[in-house]
Amino acid sequence: MPRLPLLPPTQTQPVTTGDLMVALPASVRLEAGRGGLPVLLVDGSAARAEIYLHGATVTDWTPRDREPVLWVSSASRFTRDAAIRGGVPICFPWFGAQAGHPESPSHGFARLSEWSLVGAEDDGEDVTVRLCLTDSDATGASSWPHCFEAVYTVVVGSRLSLALTVTNRGDDAVVFEEALHTYLEVRDIRATEVTGLEGNAFYDSLAGPGVGPASGDSDPVRFRAETDRIYVGTRGTVTVRDTDAGRSVLVGKDGSETTVVWNPWIDKARDLPDFGDDEWKGMVCAEVSNIRDAAVRLAPGGSHTMTAIFELAPSARTMTQRSTPS
Ligand code: TA6
């Protein structure tokens with residue numbers, strides 16, 4: 001997908017989003033992006049990134065001298081009434097269809113909402129951007145009418161760190177699900193595997209909502225058909241190994257107990273209006289999350305933080321090359 005041309009950085013410039021004045025470092029610019037949606041262009045010393053205020057959706061993270069890591073569909077809509085198909089949409093406060101509320105939007109309202117920019121700093125290596133979403137008339141009218149504050153801290157550097165902190169601002173306990181629905185670019189899904197989930201039980205979402213978790217298997221996840229799984233009891237790092245591209249993405253995390261793995265394959269890709277028919281070959285979702293039994297429960301005033309950390313690592317093939325003296 002074509003990326004917005006980055007304009008030469010100028011001096012720090014204050015910008016207003018919502019009713020906040022935020023001073024932006026020279027490495028961050030607020031521009032009109034695709035569909036005219038406001039986008040933050042980050043051009044840091046170690047990496048560049050794009051962050052749409054719409055859904056606080058990170059649509060690009062490209063470490064210096066490396067290929068882009070995130071995938072965005074060429075058919076994605078960039079409109080206020082639709083989620084961006086690609087990058088890292090934030091699923092909150094529910095995942096998938098909301099139980100008992102078939103009218104509610106899939107994956108919650110966070111990815112459809114305009115977030116406010118509340119801060120941006122550049123410490124020379126990393127650029128940190130903070131965005132915020134709080135309850136509003138729209139969320140109050142939704143099927144999750146609670147008072148809350150969600151702060152999203154995006155750190156752009158040789159690693160990409162995404163931390164979602166949710167605070168219960170109401171007088172009653174709340175329960176929510178959350179996922180960083182990350183779309184990773186791969187050369188070929190059929191030559192891609194996900195390791196780090198071996199042995200973890202999983203819900204097969206294709207088997208239907210009432211079906212219990214299947215026991216885990218000892219092999220890496222490989223893709224031979226539509227795959228839509230919710231791995232439970234996961235706390236470690238998973239590795240997305242793209243053997244054709246000779247690249248591995250490490251997905252580390254904190255404050256998360258589930259991991260979703262998704263590829264729509266042929267038919268589902270064709271059924272999705274904002275997904276190119278052949279694009280299923282070039283992406284995989286690996287989603288740091290807290291869903292189903294891991295839904296987060298917060299007492300009044302309570303906060304919870306879920307963090308995903310992405311890092312590029314040489315793939316096994318490159319490691320072998322390194323270790324085999326020429
Ligand atoms: O994360 C996997 C999943 O829940 C799949 O079931 C699939 O529906 C995907 O998300 C995309 O959902 P969306 O609402 O963005 O079309």
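Note that ligands are numbered from 1 as they come in the structure, with each ligand's atoms numbered from 1 the same way.
- Near ligand 1, Arg85, Phe95, Ser106, His107, Arg111, His181, Asp228, Val260, Trp262, Lys268, Glu287 each place a heavy atom less than 4.0 angstrom from the ligand.
- Put simply, the side chain of Ser289 gets close to the backbone of Glu287: a donor and an acceptor are under 3.5 Å apart.
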Which pairs of donor and acceptor atoms, one on a side chain in residues 206-218, lie under 3.5 Å apart (sequence neighbours left out)?
none

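- Connection of Ile90 to Val151 is not established within any shared hydrophobic cluster, with ILVMFWY side chains joined at heavy-atom distances below 4.5 Å, either directly or through further cluster members.
- Partners of Trp71 under the ring-ring contact (aromatic ring centres under 6.0 Å, His included) rule, at least two apart in sequence or in another chain, are Tyr183, Phe275.
- Leu133 and Val58 fall within a single hydrophobic cluster, where Ile, Leu, Val, Met, Phe, Trp and Tyr side chains are chained together by heavy-atom contacts under 4.5 Å.
- Listed by first then second residue, pairs satisfying side-chain hydrogen bond (donor to acceptor under 3.5 Å, both in side chains) with a partner in residues 191-205 read Glu193-Arg222, Glu193-Arg241, Tyr203-Asp293, not counting sequence neighbours.
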